[in-house]
Amino acid sequence: MNPKRVVILGSTGSIGRQALEVAEAIPDRVRITGLGARRDAETLGEQVRRFQPEAVALSDPGAAQAFRAYVPEFRGAFQVGEGAMEWLAGWPEADLVLVALSGIAGLRPTLSAIEAGHDVALANKETLVAAGHLIRRAVAARGVRLIPVDGEHSAIFQVLEGRDPGTVARVVLTASGGPFLRRPLSSLRTVTPEEALQHPTWRMGPKVTVDSATLMNKGLEVIEARWLFDLPPDRIQVVIHPQSVVHGMVELVDGTTLVHLSPPDMRLFIQYAFTYPDRVGVSYARMDWSRPQALTFEPPDPRRFPCLGYAYEALGRGGTAPAVLNAANEVAVERFLRREMAFVEIPKAVRLALDLHDPVPDPSLEEILEADRWARALVRGL
């Protein structure tokens, strides 16, 4: 069996780095043929030396000179600037494109990969949140596979595999509750970025770590699940599960619940996306059933996590509302991390954007991106 040729968009981020660890662990299964990053030229250069890809992309033109200086020996295809990720996503010598870019930046490259006929391993929530209907149409038209990499969606994907959709009553996404699950509500006004980035169980990038603290990450995942599994919102539930070892549950019509359980290690889900539909023996972590442990579940508190409710609302309104929800949150999180906005103001910014927006039904790509731009400008001006 020839190794699967994989392109990684966002190779210098948290998911990208873990994906390269997986590729190193299973070299007979995966060959890295393309690497793309936003601006971290030094890390990208180290990765290029290590994995010898055929094609490289950098979004930031200012980083190109540093990259060339770091790896002057690289003679492969090289693209820089706006459109570089879309170019790399369509690289012809690829079987699978892992989209690990952060935010709305993953949307156009995902569409490019699909249009090129590549299977997509999606580790970017925002793409399906903003344009789920467009992605589903493109996947159906090209006959490619869309494989989720997010732990919760990968878990549901694995449990649902080969199952008659008519037997599924609902799916349940689990959330750790983040670092402030037990913190008094009155004290959330003084939360610092450093505190918000101390996730109790997962190793993730800063944006998704803050989203975990507000539970917006789970709200985005609800919207993502609607498009991945073709389920209405009332059949997608969220529960708090602080131990983070049950990643997803599927309740069948007869009352049986099937559970996906594993240690909280993203490499497990990345490896499954790389080797799908096969499973290989390399394991990065295993459950230790020789020691006592408890698994607990509880409903999310809407006062503590208003963003989850806003996500359901945006999904119900449809059209460009989810894109506005996502964009407003993205900028609010950026401003919080720069200490320009308080933690409790993140949901307030999202609420304002939803209140002021009149959704466009069945939007085109340009209408989605225009709604995204509008929401970003609104929250930047607060």
Side-chain angles (χ1 to χ4, degrees), residues 14 102-103 125-126 129 151-152 172-223 233 236-246 264 294-317 321-322 324-357 375-376 378-382:
S14 174
S102 179
K125 296 179 179 65
E126 294 83 359
V129 168
E152 293 76 13
V172 181
L173 304 173
T174 57
S176 70
F180 309 131
L181 179 61
R182 308 299 178 204
R183 183 159 167 165
L185 287 174
S186 59
S187 71
L188 295 182
R189 296 180 180 279
T190 60
V191 162
T192 66
E194 290 78 12
E195 290 173 316
L197 293 175
Q198 296 301 310
H199 195 279
T201 52
W202 289 100
R203 177 166 60 102
M204 306 178 292
K207 194 268 183 183
V208 69
T209 305
V210 175
D211 281 352
S212 179
T214 65
L215 219 63
M216 178 60 91
N217 71 321
K218 217 51 52 175
L220 299 179
E221 287 172 13
V222 167
I223 302 173
I236 306 168
Q237 185 178 354
V238 173
V239 298
I240 302 295
H241 169 55
Q243 295 82 18
S244 297
V245 295
V246 171
L295 304 179
T296 61
F297 304 90
E298 61 188 271
D301 180 355
R303 297 172 305 157
R304 185 177 297 275
F305 302 118
C307 286
L308 177 61
Y310 299 161
Y312 273 102
E313 177 186 332
L315 180 56
R317 292 173 67 184
V324 164
L325 170 100
N326 173 70
N329 176 70
E330 216 171 291
V331 176
V333 170
E334 289 172 4
R335 294 194 64 184
F336 165 67
L337 290 171
R338 293 198 300 263
R339 304 177 196 279
E340 299 172 1
M341 182 176 280
F343 179 78
V344 293
E345 291 176 322
I346 296 174
K348 292 179 181 178
V350 174
R351 177 73 268 167
L352 178 65
L354 286 176
D355 286 344
L356 295 179
H357 181 63
R376 288 173 190 277
L378 175 73
V379 178
R380 287 191 185 110
L382 292 179

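Values in this document were obtained by computation on a predicted structure and should not be read as measured data.
Ion pairing of R182 with E298 is present here, as a side-chain N (NZ or NE/NH1/NH2) and a carboxylate O approach within less than 4.0 Å. Look at E195 and R183 and you find a salt bridge, because one of the NZ, NE, NH1 or NH2 atoms lies within 4.0 Å of a carboxylate O, short of that distance. Checked for salt-bridge contact, E340 and R380 miss the test: no charged N lies under 4.0 Å from a carboxylate O.
Within the 4.5 Å cutoff, side-chain heavy atoms of V191 are placed close to those of F336. Contact annotation: the side chain of V172 never approaches that of V238 to less than 4.5 Å [non-hydrogen atoms, C-beta and beyond]. No side-chain heavy atom of R317 sits less than 4.5 Å from a side-chain heavy atom of L325. Residues T214 and F343 form a side-chain contact, since some pair of their non-hydrogen atoms from C-beta on lies under 4.5 Å apart. The shortest side-chain heavy-atom distance between L337 and P206 falls under the 4.5 Å cut-off. The shortest side-chain heavy-atom distance between S187 and L185 does not fall under the 4.5 Å cut-off.
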If you apply the rule side-chain contact (heavy atoms from CB on, under 4.5 Å), what do you find for R335 with L382, and how did you get there?
CA-CA 10 Å; R335 294 194 64 184; L382 292 179; 3.9 Å; yes
Where do Q237 and V222 land on the side-chain contact (heavy atoms from CB on, under 4.5 Å) test, with the steps shown first?
CA-CA 8 Å; Q237 185 178 354; V222 167; over 6 Å; no
Between V208 and K125, does a side-chain contact (heavy atoms from CB on, under 4.5 Å) hold up when you go through it step by step?
CA-CA 10 Å; V208 69; K125 296 179 179 65; 3.8 Å; yes
Run the side-chain contact (heavy atoms from CB on, under 4.5 Å) check on L378 and V331 step by step: do they pass?
CA-CA 9 Å; L378 175 73; V331 176; over 6 Å; no
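The shortest heavy-atom contact between V129 and P322 is O-CB, 3.2 Å. Shown here for H241 and T296, the closest heavy-atom pair between the two residues is ND1-O, 2.9 Å. Taking every heavy atom of both residues into account, F305 and L215 meet most closely at CD2-CB, 3.5 Å. Between P300 and P302, the shortest heavy-atom contact is O-CD, 3.3 Å. Closest of all the heavy-atom pairs between V379 and A332 is CG1-N, 3.8 Å. Shortest non-hydrogen contact noted between S212 and N217 is CA-OD1, 3.4 Å.
With values rounded to the nearest 0.5 angstrom, L181 atom CG is found 6.5 Å from R304 atom CZ. A distance of 10.0 Å separates CZ of R376 from CG of N329, quoted to the nearest 0.5 Å. In this structure, CD1 on I223 lies 8.0 Å from CG on N326, to the nearest 0.5 angstrom.
When only modelled atom types and interatomic distance are considered, H199 and S176 share a side-chain donor-acceptor pair under 3.5 Å. Between the side chains of T174 and E152, no donor-acceptor pair is found at a separation under 3.5 Å.
Residue-environment remark: CZ (R338) exceeds the threshold of 12 foreign heavy atoms within 6.0 Å.
Cation-pi geometry between R351 and Y310 is satisfied (NZ or CZ under 6.0 Å from the ring centre, within 45° of the ring normal).
Here the options are E345, M216, E330, the test is side-chain contact (heavy atoms from CB on, under 4.5 Å), and the partner is V350; only M216 passes.
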